[in-house]
Amino acid sequence: MSIIKNYYFLIFPSLVILFMYSLDKILNLNELWIKLLIAIPIAYLLSPRIKIIKKRYGKEKRLSWLFSKKIIYIKLKE
């Protein structure tokens with residue numbers, strides 16, 4: 001969990017790269033714009049949603065995924 005808390009902002013770009021690579025190898029798509037048109041929406045759906053919540057003691061970021069019920073909270077420094 002600590003890896004996800006520290007590097008959550010790298011999940012979306014890494015998913016885009018992963019899907020572009022898989023589209024290149026599986027479907028043999030050579031056009032970059034077609035791969036991007038397919039990879040970016042899929043990566044957006046599978047990446048975590050980030051929401052800032054105000055609490056009594058400060059602000060927190062809440063990370064939640066589409067298919068997961070588990071929520072990760074990150075305390076923000078103020």
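Predicted model only: the values in this text are computed from it and were never measured. Note that the numbering runs from 1 along the sequence shown for the chain.
Each of I71 and F67 belongs to its own hydrophobic cluster when Ile, Leu, Val, Met, Phe, Trp and Tyr are linked at side-chain heavy-atom distances under 4.5 angstrom. By the criterion of side-chain heavy atoms lying less than 4.5 angstrom apart, applied directly or through intervening Ile, Leu, Val, Met, Phe, Trp or Tyr residues, I53 is not grouped with Y57; the two fall into different hydrophobic clusters. Cluster annotation: F12 is not connected to L66 through the hydrophobic network of ILVMFWY side chains, with a link wherever side-chain heavy atoms come within less than 4.5 Å.
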Hey, can you pull the donor-acceptor pairs under 3.5 Å for the side chains in residues 34-50, sequence neighbours left out?
unit_1, atom_1, unit_2, atom_2, d
S47, OG, A43, O, 3.3
S47, OG, Y44, O, 3.1
R49, NH1, Y44, O, 2.9
R49, NH1, S47, O, 2.9
R49, NH2, Y44, O, 2.9

Show every donor-acceptor pair shorter than 3.5 Å between a side-chain atom in residues 14-30 and any protein atom, with sequence neighbours excluded, or say none if there are none.
unit_1, atom_1, unit_2, atom_2, d
S14, OG, L10, O, 2.9
S14, OG, I11, O, 2.8
S22, OG, L18, O, 3.3
S22, OG, F19, O, 2.9

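Considering only residues two or more places apart in sequence or on other chains, K51 meets the side chain to side chain contact (heavy atoms under 4.5 Å, CB included) condition with R62.
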Check your understanding: Y8 and I72: side chain to side chain contact (heavy atoms under 4.5 Å, CB included), yes or no, with the steps?
Key -> CA-CA 10 Å; Y8 67 90; I72 300 172; over 6 Å; no

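Geometrically, K55 engages Y73 in a cation-pi contact, judged by NZ or CZ lying under 6.0 Å from the ring centre and within 45° of the ring axis.
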